[in-house]
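Beneath this line is the structure, given in structure tokens, with notes to follow.
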Amino acid sequence: MKNFYDLYIKPALKILGSIKFAFFLIICLVILSIIGSIISDASIDKIKYNFIISLFFNPSTNEFKDFASTLGLLNIYTSPLFITLLSLFTINLLICTFKLFPFAKKGFPFVDENGLKNEIEFKDDISAVTDFFYKEGWHVSRSPENNNIVKAEHHKPGRYGVIITHFGIIFIMAGAFIGHYMGFSGSMLVFENQISNEVEKQNGEKIQLNFAVKLNDFNIEFYEGTKTAKAFTSNINIIENNNEVKNTDINVNHPLKYKDVVFYQASYGQSPHNDMLMNVFISKDNKSETVDLKYNNAYDFDDYKIVVRDFYTDIAYNSQTGEYYNKSYNLANPALYLAVYDKEGKGLMGGWLMLHSKEPTYVEPLNMSFQFKELKDVVYSGFSVKYNPGISIVYLGGILLCFGVVFIYLLNYTAIIFTVSNGVLRYKVFTHRKFPLVNPADKFYKHFNINKEK
Amino acid sequence: MEHAASTLTVITDKMVGIAGILYILAMVLYTFYLIFKNKNTGFAATAAGVVGTGIHLISFFMRWVEFYGFAGGGILRAVPITNLYESLMFFALLLAVFYVVIEFKTKNKSLGAFAFAISGATVLFISAIGASSNLNPLVPALQSNWLLAHVSLSFIAYVCFAVSAIAALLYLIKVSNIRKSYYYVIWTLVLGLSSATIIFLILTKVFGSNGFIDILYVLLMVILSALFFIYGLSIKNLFKNIDFDLDMLERIIYKFITAGFAIFTIGGLVFGAVWAETSWGRYWSWDPKETWAFITWVIYGIYLHGRYSGRWSKEMAASIALIGFLVTIFTYLGVNLLFPGLHSYGSL
């Protein structure tokens with residue numbers, strides 16, 4: 001009676017490790033990747049205007065997007081189907097590679113005398129041929145069954161090239177799976193002088209890190225006379241348990257790694273928010289001060305309370321209504337509305353101050369001057385944040401892959417099995433390649449005057 | 001600074017133009033040589049090719065030096081292979097250099113016409129689509145020593161694949177005798193599709209992308225493939241008197257694919273992944289360029305496995321080599337021109 005292994009596992013392994021299955025998986029993966037490279041979340045709004053697609057779907061609606069998302073085409077590379085195919089392919093590769101192992105260890109199997117199809121007349125005895133291969137540095141061994149059959153192998157480690165390459169791919173896949181399921185990646189926005197420990201994943205989910213990042217300063221350097229950024233750098237502090245444990249710069253090609261979490265400089269921008277500081281110059285008579293005001297926080301100056309009541313990012317004046325309004329949310333022409341109160345909280349005056357005015361604005365009824373000098377902490381830096389526990393396995397796989405392909409390229413495994421009897425040299429050549437760069441068997445042919453065309 | 005740089009840019013651009021004309025001349029001479037086997041013609045062909053390559057090489061180094069002065073940074077970070085114009089020139093240059101080396105090593109001129117046809121056509125293609133030859137400062141993501149390693153190795157691999165594809169095309173033309181043969185269909189189809197694609201890219205560049213050109217592209221693919229299919233036998237007849245060593249062609253296909261595959265794996269995929277990991281934080285993000293590089297890699301991987309297992313006929317292997325190059329061209333040009341993505345430095 002057959003046991004469980006013979007009944008189920010063996011045939012399953014046979015199917016999973018077959019070349020036909022590998023071919024099927026590869027074709028599926030290639031087709032899915034092609035679709036994925038054309039249709040993605042980012043490109044879908046452009047594609048729907050394509051003439052051919054607009055024949056079937058109305059471009060003014062989201063018909064095509066809905067259609068694509070029901071088929072799971074929007075995020076093909078993270079779809080269960082794609083991941084399943086990749087896993088099956090990895091398993092297939094693993095089985096195929098293990099099948100190669102005994103072969104790699106022992107080299108080419110001996111064939112019996114009848115298998116040695118090529119024949120030439122040969123006066124010497126077998127030791128002459130064996131000596132030739134010794135001299136050439138081949139690995140020579142005799143068949144355990146028949147002492148007259150000799151095998152000479154060239155570049156024996158070349159057999160391992162394929163295995164190393166395959167393991168490289170397997171390691172990369174394994175590392176990728178570990179990273180996908182156990183790690184996370186997302187983004188973090190930090191304003192200057194602010195602290196954050198929140199990472200937002202692409203699906204909107206938020207993760208709290210057990211340490212925080214404080215952005216001290218953000219700098220952009222431009223190429224002279226152009227708007228092309230040359231470099232942008234964030235100077236940050238890592239804060240853990242309320243202690244500053246590390247101060248460092250992050251820029252595009254120099255990420256920060258802390259506790260296996262990596263921060264990459266991804267983006268930057270300007271945006272007003274409640275914690276920004278507005279640097280305002282105030283003077284009355286001989287007394288003057290330059291202070292950092294926060295939105296809606298009162299500041300005492302002499303007998304007055306001074307409060308920023310409103311902020312526009314891009315102020316403009318409507319001459320018809322005679323009112324100021326906010327033209328856009330870009331920081332093109334920022335202005336703040338400053339209100340002045342007396343001690344009892346009675347409103348005295350209020351007015352808009354533009355950021356880029358050259359002179360202080362003199363307010364006659366109060367005999368005071370005000371100037372909005374600087375806007376601080378509106379710059380934010382965007383980091384892409386990643387924790388990938390599988391990365392070292394991926395790197396190991398990459399190194400193996402590099403070595404493997406070089407191994408395959410340089411070391412060309414060749415085996416020649418031969419025997420001499422009754423004045424006839426019979427041999428067979430096995431080579432990894434039909435048309436190698438340099439055929440190692442050529443020397444053998446030349447030495448024994450064999451016309452290989454036959 | 002821009003102004004001072006642009007005069008030199010014009011000179012190097014002119015030099016490339018001259019090199020392109022010499023490439024075309026070399027192609028014509030090599031073709032005559034193939035047909036008439038005249039020794040002097042052969043010498044003239046080689047001379048035109050070598051001089052063209054030399055001028056191109058000098059202009060490449062001039063641009064490099066100029067870029068170095070313009071962008072600052074390390075000399076290795078100033079290799080002029082950072083946009084479509086520069087990379088296409090680099091491709092044409094490498095192909096010419098590779099061919100010259102092959103010719104001097106094998107003393108065989110039979111591939112010359114094709115190698116210089118592609119090099120010359122690439123230079124013409126650059127001027128046809130009017131790719132900007134201006135020097136552009138490097139965006140921060142490109143300021144890395146990986147630039148040289150990743151981009152130049154990728155291009156060397158592309159050129160290896162191009163050489164193998166030329167040999168594969170010749171091989172298939174030579175072995176397919178009747179229209180019914182699969183291989184005949186494959187090489188005529190590849191010629192049809194690739195010429196349609198080149199016309200499409202030029203039209204898109206001139207008129208901008210629109211629905212009419214998309215339809216025209218589909219029509220062109222059908223018409224040109226049909227034309228090549230119908231007149232393929234007469235193309236084949238052109239090569240009737242030229243005897244190629246089929247065994248040598250086969251070796252060239254195989255040699256260049258193994259070399260190209262190893263270089264592509266290391267320089268294109270692994271180095272690219274390491275660089276992506278260090279600057280974008282993801283070693284593989286299924287960006288269109290990466291996806292198509294993966295597809296290219298898989299196709300050449302299939303070729304190698306077919307070759308090792310010995311189950312395939314040589315014709316089959318040559319067909320895959322040819323199709324592989326079609327995918328390579330798409331990975332290189334099509335992705336940059338059609339899809340937005342992380343590799344968008346290579347746009348026009």
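Each chain gets a letter, A, B and so on, in the order the sequences are listed, and its residues count up from 1.
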Is Ile76(A) close to chain B through its backbone or its side chain, or both, or neither, when contacts mean heavy atoms under 4.5 Å? neither
Could you label the plane-to-plane angle of the Phe82(A) and Tyr77(A) rings as parallel, tilted or perpendicular, counting under 30° as parallel and over 60° as perpendicular? perpendicular
Relative to chain B, which segment of Ala22(A) carries a heavy atom at a distance below 4.5 Å: side chain, backbone, both, or neither? neither
Region of Asn388(A) that comes under 4.5 Å of a non-hydrogen atom in chain B: side chain
Say you draw a straight line from OG1 of Thr97(A) to CG of Asn92(A); how long is it, rounded to the nearest 0.5 Å? 8.5 Å
Contact part of Phe23(A) toward chain B, heavy-atom cut-off under 4.5 Å: side chain, backbone, both or neither? side chain
Heavy-atom proximity to chain B below 4.5 Å, by part of Val30(A): both
By a 4.5 Å heavy-atom criterion (distance strictly below it), what part of Ala273(B) contacts chain A: side chain, backbone, both, or neither? neither
Side chains of Ser234(A) and Ser381(A), donor plus acceptor under 3.5 Å: yes
Beyond-backbone contact of Phe256(B) with Phe98(B), side-chain heavy atoms, under 4.5 angstrom: yes
Against chain B, label Ser33(A) side chain, backbone, both or neither, depending on which of its atoms sit under 4.5 Å from a heavy atom there. both
When heavy-atom pairs shorter than 4.5 Å are enumerated against chain B, which of Val406(A), Leu401(A), Val394(A) gives the highest number? Val394(A)
Hydrogens and angles aside, do Tyr217(B) and Thr197(B) bring a side-chain donor and acceptor to less than 3.5 Å of each other? yes
At a heavy-atom separation under 4.5 Å, does Ile31(A) approach chain B through its side chain, its backbone, both, or neither? neither
Mind telling me whether Trp286(B) and Trp284(B) have parallel, tilted or perpendicular rings, with 30° and 60° as the class edges? perpendicular
Sub-4.5 Å side-chain heavy-atom contact between Tyr395(A) and Ile391(A): yes
So, the part of Leu269(B) with a heavy atom under 4.5 Å from chain A: the answer is neither
Residues 385-399 of chain A vs salt bridge (Lys or Arg N to Asp or Glu O under 4.0 Å), sequence neighbours excluded, gives Lys386(A)-Glu277(B)
Side chain, backbone, both or neither of Ile19(A) within contact of chain B (heavy atoms, under 4.5 Å): side chain
